[in-house]
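Per chain, numbering begins at 1; letters A, B, ... match sequence-line order. The shown structure was predicted, so the numbers you read here are calculated from the model rather than taken from an experiment.
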2 protein chains.
Amino acid sequence: MQLDKIVNFHKTVGDKTRIRIISLLRSGPLHGQAIAGKLGLKAPTISHHLKKLKDIDVVYQRRDKNTIYYYLNESKLERLTHAIIEVGGNAMNEQYAVSQEEKAKIIQNFTDQTGRFKRLPAQRKKKLILLEHILRGLEHGKSYEEKEINEYIQTYYEDYATVRREFVMAHFMYRDNGIYELNPVEMWPV
Amino acid sequence: MQLDKIVNFHKTVGDKTRIRIISLLRSGPLHGQAIAGKLGLKAPTISHHLKKLKDIDVVYQRRDKNTIYYYLNESKLERLTHAIIEVGGNAMNEQYAVSQEEKAKIIQNFTDQTGRFKRLPAQRKKKLILLEHILRGLEHGKSYEEKEINEYIQTYYEDYATVRREFVMAHFMYRDNGIYELNPVEMWPV
DNA sequence: TATCTAATTAGATTATAATCTAATTAGATA
DNA sequence: TATCTAATTAGATTATAATCTAATTAGATA
């Protein structure tokens, strides 16, 4: 997940009124006037806060006649909540400082004449170095379709499905709804 | 956990610089100058952010000679993170500063031999305690007609209209279209 | 189409907070 | 004790955001 997304989530829920709205919606959907009444605030204020909660997808709405009911998206809330725990990466604990020379040598060992990989190393450490090497052609902050990722990986290695899965598992990439993004560098293993 | 504590936690981590500090400290303790250098900010700025992270106990420090090293308290971070998931459960009662003994005494002072109130206290704090006492006979999640509420209040106090109005004004209850409901506990004053 | 209800937007006010430079403090060392 | 290093505090500047009233918009209904 993008750093900014994590920050924005916490900025949004770091407000007393919005936490109270989340708390209210836990026991079921409510319309705007009801929320305003329960919290002792005016309708425009509630609109303002609901907009922010909708922006991060923690609240969604359904209209019934003139009235719009607001619902809590609990699974989204849980996923966003959990993201801060991953920041910095758990795999980061396996401190391995490998020099550029060593990396180059390992990459060369697994590369054929055409610059492609024949197989992935079994050793985790070496495998991460290869994965990182492949990643260098991708852009930070850009969103990729699964198909794009597959095609890109294939320019390096035949079994794109394995590599793509490894990218996500090692926290190099983040996948949401079939869309892939590079993780910020501070989430990478290594 | 108290509502304010949850809000304050998210307010604190809802900042890019502080998330980056947390991310850095995940791979081990660092001193202030090192953090400032890695983030491209000045020492006083880092002091400011570390203070906030220390205030919520997510960071602690150990001195070594002239240098202070800052550590991440990961278990605390996880516990605070999860609190928002629980919010809205009835576990928000801790915000009451007045002990049960004090409350009992105040209630006794305003009660006559028959267990009814002669008058309402002028002091807001005491009045809220009496109102809360009356409320205990009502059910959470149940809807009441105005008539029912009036009759119920009269078993405690003659001037039901005043009490009913106070209930709504103090956010103990919520009124929609002549129907009354108890508010969730975390909306209550005190 | 005219009118009603609920929600949203615009714009103002006010409060909060991120960052910096300059000054000060806490603690170690010679 | 004098001096050094790293951290903190004070105070200013600037940006962000919570809330309100008044105006507008979206959609339903007669």
Side-chain angles (χ1 to χ4, degrees), chain A residues 3-25 29-56 58-72, chain B residues 3-25 29-56 58-72 171 174-179 187:
Chain A
L3 191 62
D4 281 345
K5 205 174 162 189
I6 296 173
V7 171
N8 194 43
F9 164 68
H10 290 287
K11 226 187 258 291
T12 302
V13 296
D15 175 272
K16 189 165 187 169
T17 302
R18 289 192 287 264
I19 291 276
R20 291 169 87 203
I21 290 173
I22 288 172
S23 173
L24 281 173
L25 296 185
L30 289 171
H31 59 277
Q33 307 283 346
I35 298 171
K38 281 170 187 284
L39 299 184
L41 294 167
K42 300 298 177 180
T45 306
I46 302 304
S47 258
H48 166 78
H49 290 297
L50 286 172
K51 184 177 181 347
K52 296 205 166 235
L53 290 168
K54 285 183 285 183
D55 281 348
I56 60 168
V58 158
V59 163
Y60 60 96
Q61 55 180 255
R62 300 227 181 297
R63 177 178 278 268
D64 179 39
K65 315 244 164 125
N66 267 325
T67 308
I68 297 175
Y69 287 86
Y70 301 93
Y71 294 72
L72 186 62
Chain B
L3 190 62
D4 282 343
K5 205 174 164 190
I6 296 174
V7 172
N8 195 43
F9 164 69
H10 290 286
K11 228 187 258 288
T12 301
V13 297
D15 175 270
K16 188 163 188 171
T17 302
R18 291 194 284 266
I19 290 275
R20 289 170 84 204
I21 290 174
I22 288 173
S23 174
L24 281 172
L25 296 184
L30 289 171
H31 59 278
Q33 307 282 346
I35 298 171
K38 281 170 189 283
L39 298 186
L41 294 167
K42 300 297 177 182
T45 304
I46 302 304
S47 258
H48 166 79
H49 290 298
L50 286 172
K51 185 177 180 350
K52 296 205 168 235
L53 290 168
K54 285 184 285 183
D55 281 349
I56 61 168
V58 158
V59 163
Y60 60 96
Q61 55 179 258
R62 301 230 181 292
R63 177 178 279 266
D64 179 40
K65 315 243 164 131
N66 268 325
T67 308
I68 297 176
Y69 287 87
Y70 300 93
Y71 294 73
L72 186 62
H171 299 109
Y174 168 63
R175 178 183 51 207
D176 189 16
N177 228 317
I179 301 296
M187 305 287 149

With respect to the side chain of B/Lys42, which nucleotide from C/dA7, C/dA28, C/dT21 is positioned closest?
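The listed nucleotide nearest to B/Lys42's side chain is C/dT21.
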Among the nucleotides D/dA18, D/dT29, C/dA28, which one has an atom lying closest to any side-chain atom of A/His48?
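Selected nucleotide: D/dA18.
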When all nucleic acid strands are considered with a 4.0 Å heavy-atom cut-off, which category describes [X]: base, sugar-phosphate, or nothing?
X	result
A/Leu50	nothing
B/Lys16	nothing
A/Tyr69	nothing

Base-pairing mate for D/dT14 - Watson-Crick or G-U, with both contacts under 3.5 Å
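Base partner found: C/dA17.
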Identity of whatever pairs with C/dA28 - Watson-Crick or G-U, under 3.5 angstrom
D/dT3
Side chains of B/Val59 and B/Lys54: closer than 4.5 Å at any heavy-atom pair?
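B/Val59 vs B/Lys54: side chains touch.
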Parallel, tilted or perpendicular: rings of A/His10 and B/His10 (30°, 60°):
parallel
Atom-to-atom span, CD1 of B/Ile46 to P of D/dT8 - whole angstrom
11 Å
Rounded distance in Å - CD (B/Gln61) to P (D/dT8):
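Going from CD in B/Gln61 over to P in D/dT8 covers 6 Å.
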Position toward the 5' end of DNA chain D (nearest nucleotide), A/His49 or B/Arg63
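Going by which nucleotide is closer to the 5' end, it is B/Arg63.
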For A/Gly32 and A/Ile46, work out which heavy atoms get closest and say how close.
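Heavy-atom minimum between the residues: O-CG2, 4.2 Å.
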If the cut-off is 4.0 Å, is B/Gln33 near the phosphate of D/dA7, judged by side-chain N/O to OP1 or OP2?
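For B/Gln33, the contact criterion (side-chain N or O under 4.0 Å from OP1 or OP2 of D/dA7) is met.
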